[in-house]
Participant: 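Please find one structure pasted underneath; my questions will follow.
Given the structure is predicted, the values throughout are model-derived calculations rather than measurements. All ligand and atom numbering here is 1-based and tracks the order in the structure.
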Amino acid sequence: MNISIREKDRFKVIDTPEHKDITILGSTGSIGTSTLDLISRNPEKYSVKALTANSNVEALAKQAIAHNAEMAVIADQDKYSDLKEALHGHNIIAAAGSEALNEAADTSADWVMSSIVGAAGLKPTLTAIRRGATIALANKECLVCAGEFMMQQVEDCGATILPVDSEHNAIFQIFDFDEPEKIEKVTLTASGGPFWNKDIADMQYITPVEAIKHPNWSMGVKISVDSATMMNKGLELIEAYYMFPIEKEQLDIIIHPESIIHSMVSYIDGSVLAQLGTPDMRTPISYTLGWPHRMNAPSKKLDLTEIGQLNFIRPDKVKFPAINITREVLQKGGSAPTILNASNEIAVKAFLEGQIDFLDITKVVEKALDTIKIHQMTCLNDVHDVDENTRIVTGEIVEGLKK
Ligand code: NDP
C-alpha cells in the first residue's frame, strides 16, 4: 500500500459553495433520515438533488416530495411503478434499478451522503468518487471490502471523503494531519452493544429483537447486530486503517459503555485528545455537512455532571471474537477483508431471519475465512468476484448450521 494515499490531502478543504446541492444514497435509513433532518432545519443552505432507497417506496416518495428532490431512485426494479404512482403530480424524476442508482450518484451534487448499508453501497459510492465528488462516508462496508482500491480512486479522481462514523469523525476532528508521526495511538471507543457485561453462557439464545436494541444509539438493524457482536468495531478498525495515516498496530479498541467519548488520539508527549458529545449521529453528520465550517445541530448538549462517571473496559476476546478476527484479517490483507465483510453480511441476515444463533455469527465468519483461499487482488473486478463467491460459500456454511 502506498502510504501517500492515506495522507491529509484526502481531506483537502475544497471551495465550498454557500448553497449546497445534496444527494443521499440510502435516504430512508437511519443515517439518511438524520441527514434530511439537518437539511430541513437549514432550507436556505441546502437543496436536494437525488434520494435513493432499496424498496421502501412510501418513505422515499414522502421524503422526495417533502424536500422537493429532483430525482428519486428505488433500487428494486419491481417497485418502479409504485414509485412513479406515488410521485404522480410532482415534478420529480422517478427511476429504478442499479443503473439508476449510479445515475443518482453521478448527478452533480456538491455533497453526497453514502449511507446505503452493506457492500451494495460500493458501486454508487465509487461512481460519486469517480466524478471527484465530496462524499460523507457512513457506509463502512465499502471501505472494508475494497479499501485499497477505493482510496486509490479517491486520490486518482480528486474526490474528498469525510468520515461520518462517529469514531472516525471524532478522529478526523482531533488527528494532527500535519504531524502524524507524533501520534502514538488511536483509540476507537465502543459502546460494547447490549451484551458487553452479559455472561457468555446466556449469549447463545439472544434473539434478534434483543440484539437490535442498542442501549445508546438508534441505528439500522444490520449495524445494531454488528454492534452487539462487536464486529462493528472490527469493521471500524479496518475503516480507520484505510482512512487515516496510521499503522495497524497503532489502533486500539476499548469499551466505553456511556458512548460519550467517541475516540481518542494519543500523542508522543503524553497528551491524549478526545472528542466528546451525546450519542446522536446528527453531530458527526453535521460536521461533514457543514464542513469545513461547523453548523448548528439539534443533538442534546453534553452535560458531564448529569452523566457523572465515564467507564472504560477492555473487550472480552472470548465473548467478542470479532475483534481478533478483524485484526488477523487486517494483517493478512489481500482478499481477507472482502471475505470478512461479505460473510458477516450473510451471517447477520441469517441470524435476523432466525436461521442461526447469535454466537454462530462470528463462527460463520471464521469458517468462511478458513474455507475460502485468501489471495492478492489486483482490480475492482477481483473484489466483486470475491464478494460474490463468499456469499455463496457462506450460504452453504449457514445451511449446515441451520436450526
Ligand atoms: P439502515 O438499514 O437504517 O438504512 C439503509 C439504507 O440503505 C436504506 O435507505 C435502505 O433502503 C438502503 N438500502 C439497503 N439495501 C440496499 C441495496 N441493496 N441497494 C440500495 N439501497 C439499499 O442503515 P443505517 O442508516 O443504520 O446505516 C447505513 C450505513 O451507515 C451502514 O453502512 C452503517 O454501518 C453506517 N453507519 C450507521 C450508523 C447509524 O447510526 N445508523 C452509524 C455509523 C455508520 P430501504 O429503506 O428501502 O431498505
Side-chain angles (χ1 to χ4, degrees), residues 23-37 50-64 72-79 82-83 86 95-105 113-125 127 135-145 162-170 188-191 193 212 214 216-229 231-236 238-240 243 259 262-263 278-285 287-288 299 341-342 344-345 348-349 352 387 391:
T23 284
I24 305 177
L25 306 168
S27 64
T28 50
S30 161
I31 294 289
T33 47
S34 291
T35 309
L36 283 172
D37 177 64
L51 299 177
T52 82
N54 186 33
S55 60
N56 192 343
V57 166
E58 200 187 327
L60 177 64
K62 217 167 147 189
Q63 290 178 336
V73 175
I74 197 88
D76 183 345
Q77 199 106 40
D78 295 342
K79 299 275 168 96
D82 292 348
L83 181 64
S98 61
E99 274 321 302
L101 208 60
N102 280 330
E103 252 179 64
M113 166 57 81
S114 165
S115 56
I116 290 174
V117 62
L122 177 60
K123 210 169 158 199
T125 304
T127 302
I135 299 149
L137 188 74
N139 176 303
K140 64 194 84 186
E141 293 91 345
C142 53
L143 259 190
V144 174
C145 75
L162 302 171
V164 171
D165 222 339
S166 58
E167 297 75 5
H168 305 72
N169 189 271
L188 301 171
T189 49
S191 68
I212 62 174
H214 197 280
N216 306 338
W217 298 94
S218 159
M219 310 186 284
V221 287
K222 194 262 176 180
I223 183 175
S224 297
V225 176
D226 283 346
S227 187
T229 58
M231 181 59 84
N232 183 46
K233 216 43 59 180
L235 300 179
E236 287 178 3
I238 300 175
E239 183 185 8
M243 251 179 193
S259 297
H262 299 300
S263 275
T278 55
D280 183 331
M281 283 308 292
R282 289 175 300 180
T283 295
I285 296 170
Y287 192 78
T288 66
S299 328
N341 182 66
N344 182 56
E345 284 190 31
V348 169
K349 186 167 177 280
L352 287 169
D387 179 83
R391 285 168 200 270

Participant: Please confirm whether the backbone N or O of Glu167 pairs with a side-chain atom of Asp165, one donor and one acceptor, at under 3.5 Å?
Facilitator: no
Participant: Among all protein heavy atoms, pick the one closest to atom 26 (O) of ligand 1 and tell me residue, atom and distance.
Facilitator: Gly220 N, 2.8 Å
Participant: Please test Asn102 against Thr127 for side chain to side chain donor-acceptor pair (under 3.5 Å), starting from the C-alpha separation and ending with a verdict.
Facilitator: CA-CA 6 Å; Asn102 280 330; Thr127 302; 3.0 Å; yes
Participant: Checking the side chain of Ser166 only, and the main-chain atoms of Pro284 only, is there a donor and an acceptor separated by less than 3.5 Å?
Facilitator: no
Participant: Using the side chain to side chain contact (heavy atoms under 4.5 Å, CB included) definition, which of the options Asn344, Leu122, Val117 pairs with Glu141?
Facilitator: Val117
Participant: Got the closest protein heavy atom to atom 32 (O) of ligand 1, with its distance?
Facilitator: Glu141 OE1, 2.6 Å
Participant: Heavy-atom distances under 4.0 Å are what count here, so tell me which part of Ala53 touches ligand 1: side chain, backbone, both or neither.
Facilitator: both
Participant: Distance-only, no hydrogens or angles: does the Asn169 side chain make a donor-acceptor pair with backbone N or O of Pro163 under 3.5 Å?
Facilitator: yes
Participant: Which one of Ser224, Ser115, Ala120 has a non-hydrogen atom at the shortest distance from atom 18 (N) of ligand 1?
Facilitator: Ala120
Participant: Any non-hydrogen atom of Lys222 lying under 4.0 Å from ligand 1?
Facilitator: no
Participant: Quick check: closest heavy atoms across Met219 and Ser227, and the distance to 0.1 Å?
Facilitator: CE-CB, 4.2 Å
Participant: Taking 4.0 angstrom as the limit, do Lys233 and Glu239 come out as a salt bridge?
Facilitator: no
Participant: Counting heavy atoms only, name the option from Leu137, Ile31, Asn54 that's nearest to atom 38 (C) of ligand 1.
Facilitator: Ile31
Participant: Tell me the nearest of Gly26, Ser30, Ala138 to atom 24 (P) of ligand 1, using heavy-atom distances.
Facilitator: Ser30
Participant: Pairs of nitrogen or oxygen atoms closer than 3.5 Å, one from Gly29 and one from ligand 1: do any exist?
Facilitator: yes
Participant: Quick one: which ligand 1 atoms are inside 4.0 Å of a heavy atom on Ala75?
Facilitator: 19 (N), 20 (C)
Participant: Below 3.5 angstrom, do we get any N/O pair linking Asp165 and ligand 1?
Facilitator: no
Participant: Please report the interatomic distance OG1(Thr278) to CG(Asn216), rounded to the nearest 0.5 Å.
Facilitator: 10.5 Å
Participant: Starting from atom 34 (O) of ligand 1, which protein heavy atom do you reach first, and at what distance in Å?
Facilitator: Lys140 CE, 3.2 Å
Participant: With backbone taken as N, CA, C and O and side chain as the heavy atoms from C-beta onward, which portion of Met219 lies under 4.0 Å from ligand 1: side chain, backbone, both, or neither?
Facilitator: both
Participant: Out of all atoms in ligand 1, which are within 4.0 Å of some heavy atom of Ser27? Include the element for each.
Facilitator: 9 (O)
Participant: Would you mind listing which atoms of ligand 1 come within a distance below 4.0 Å of any non-hydrogen atom of Asn56?
Facilitator: 46 (O), 47 (O)
Participant: Starting from atom 29 (C) of ligand 1, which protein heavy atom do you reach first, and at what distance in Å?
Facilitator: Ile116 O, 3.8 Å
Participant: Would you say the side-chain atoms of Ser27 pair up with the backbone N or O of Thr52, donor to acceptor, closer than 3.5 Å?
Facilitator: yes
Participant: Have a look at ligand 1 and work out which part of Ser166, if any, has a heavy atom under 4.0 Å from it: side chain, backbone, both or neither.
Facilitator: neither
Participant: Could you check whether any side-chain N or O of Ser115 sits under 3.5 Å from a backbone N or O of Gly26, counting only pairs where one atom can act as donor and the other as acceptor?
Facilitator: yes
Participant: Tell me whether Thr189 contacts the main-chain N or O of His262 through its side chain, where contact means a donor paired with an acceptor under 3.5 Å.
Facilitator: yes
Participant: If only atom types and distance count, is the side chain of Asn139 paired as donor or acceptor with the main-chain N or O of Gly118 below 3.5 Å?
Facilitator: yes
Participant: Can you tell me if Ser55 has a non-hydrogen atom under 4.0 Å from ligand 1?
Facilitator: yes
Participant: One residue to check: Thr28. Relative to ligand 1, which of side chain, backbone, both or neither has a non-hydrogen atom less than 4.0 Å away?
Facilitator: both
Participant: Quick check on contacts: which atoms of ligand 1 are under 4.0 angstrom from a heavy atom of Asn139?
Facilitator: 32 (O)
Participant: For atom 33 (C) of ligand 1, what is the closest protein heavy atom, and at what distance to 0.1 Å?
Facilitator: Ile223 CD1, 3.9 Å
